[in-house]
There are 2 protein chains.
Amino acid sequence: MARQASYDREAVLKRALELFWAKGYHATSLKDLEVALDMRPGSIYAAFGSKEALYGETLRLYAQMSQAGFEEMLAKAPTRLAGLAAHVRALGCVAPNSVPSRACMLVKTLLETPDDDPVLRQLTEDMMRKIEVGFANIYRAARAAGEIPETADPERLASRLQIEIFGLRAYAQRTDSGARVAALADDIARDIESLAIPKPATAPTTAH
Amino acid sequence: MARQASYDREAVLKRALELFWAKGYHATSLKDLEVALDMRPGSIYAAFGSKEALYGETLRLYAQMSQAGFEEMLAKAPTRLAGLAAHVRALGCVAPNSVPSRACMLVKTLLETPDDDPVLRQLTEDMMRKIEVGFANIYRAARAAGEIPETADPERLASRLQIEIFGLRAYAQRTDSGARVAALADDIARDIESLAIPKPATAPTTAH
DNA sequence: GATATTTTTGAGCGATCACTCAAATTCATT
DNA sequence: AATGAATTTGAGTGATCGCTCAAAAATATC
């Protein structure tokens, strides 16, 4: 046995994530990374292999952290539908300075990566697809639980939700007004909630 | 007087637009531009000043072309609301190969440009704001014409529409299935149309 | 303390970046 | 045809790009 690495890999990845998320892939240079990670090029390449691979790892970390936050929000909500609405509202309330960018890093990556970078492109599409499937599963469960009508199409609703989130977060990057974004997120959340089948007041299933 | 430039400036800008729209700002090199424009660096710089300035001009051309297409669509529609819905449906039907990217170039620019490039950033935000104001004006006119309820908020609806379009077009870049995107665009269009006040069948204003 | 194994370092690689400019070329005017 | 003002050319600028690797430093074992 011998020397052990002096850095905390997860902490390093978080710092790389901040930088990449804020500046994008192409605009982030290795010099930037050397400063942010406080590592010399040799160490960076020994640990991660390439700039592209490092970016990929930060993307995975991003998706994983986002997913964790989303699931926490969902667990706290009284119904699945309320959970989805709460998620959208939460996205509308992010403080601009608490985060490297208000836009979704996956969308930033997708739009910055034409067909010429198949690795990152595929990775991004896969992650997006996974999130969408997760949404669909929640809608499906909500339908099975009688929260939304039998006629609802989970896949379609999931795609639509992803569209709203993509759009909302891109819009949030556009404007200075946090209040405006929050109001728009609320509009979207309300539309989600409007799918709900109104609960009978007291009686369990049938009208009295 | 003397020699006149041998290229058609507008045609050159269109070729630059295709390249920038497809690859993004940072990923497009001057070598790429030299090939696409069939111009040598000196000529490019004599004509446009810098890569950034050239990108700005292509952005302007993009916005202008998009606006023209939108207005044409609006003019053909029976009502303002129908025009907006038709615009969304049209965005859902774009053939992937007919266009450098299905995503909006303004959004791509916004997400690729952190605060460090104030020129392009400001230009992009201004153009987006202008489009949004245009949407709001249309909604306002629709309200004045009795197409939508008096209680409708044009600015809010305009922001929401921009969000849906941002999201839809980013989503379109994500997926291979044109049919799916078209279906989602139709969902969004239907939501827009659902704002409409149902027209009385035959009588002009009052019930008979 | 000596050894073995690993990590860290940072000068420097070739390639490419956005860009410049003096010279060659072109063409409306004379 | 000669002139003169403009455009076009492309070799070349210094800077920076992502990345390499031999040497130095560090530490778990013996």
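The distance between the ring centers of B/F135 and B/F70 falls below 6.0 angstrom.
Here the P atom of nucleotide C/dG10 and the CD1 atom of A/I44 are 13 Å apart, to the nearest Å. Taking atom CE on B/M39 and atom P on D/dG10, their separation rounds to 13 Å, with Å as the unit. Residue A/R40 contributes atom CZ, which lies 14 Å from atom C1' of C/dA11 at whole-angstrom precision. Rounded to a whole Å, the OH atom of B/Y45 is 16 Å from the P atom of D/dT8. Per the geometry, NE2 belonging to B/H26 stands 15 Å off P belonging to D/dT16, to the nearest Å. Distance, B/L33 CG to D/dT9 C1': 17 Å, rounded to whole Å. Here D/dC17 presents its P atom at 7 Å from NZ of A/K31, a figure rounded to the nearest Å. A straight line from CZ of B/F48 to P of C/dT20 spans 16 Å, rounded to a whole angstrom.
Picking from D/dG18, D/dT20, D/dA11 the nucleotide with the shortest atom distance to the side chain of B/P41 gives D/dA11. The side chain of A/L30 lies closest to D/dG18, out of D/dG18, D/dT9, C/dC19. Among the nucleotides C/dT9, C/dA18, D/dC19, the one closest to the side chain of A/S43 is C/dT9. With C/dC19, D/dT8, C/dT8 as the choices, the nucleotide that has an atom nearest any side-chain atom of A/Y7 turns out to be C/dT8. For A/S50, counting side-chain heavy atoms from C-beta on, the closest listed nucleotide (D/dT8, D/dC19, C/dC19) is D/dC19.
The phosphate of D/dA28 (OP1 or OP2) has a side-chain N or O of A/Q4 nearer than 4.0 angstrom. Of the side-chain N and O atoms in A/S29, one or more sit less than 4.0 angstrom from OP1 or OP2 of D/dC17.
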**Asked** Checking salt bridge (charged side-chain N to carboxylate O under 4.0 Å, His left out) for the pair B/E125/B/K130: CA distance, chi angles, key distance, verdict?
**Response** CA-CA 9 Å; B/E125 286 185 16; B/K130 215 170 123 188; over 6 Å; no

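For the pair A/K51 and A/Y25, the distance from NZ or CZ to the six-membered ring centre is under 6.0 Å and the angle to the ring normal is within 45 degrees.
The side-chain hydrogen bond (donor to acceptor under 3.5 Å, both in side chains) test with B/Y171 singles out one residue from A/R160, A/Q162, A/E164, A/E132, and that residue is A/E132.
Of all heavy-atom pairs spanning A/V88 and A/L168, the tightest one is O-CD2, 4.1 Å.
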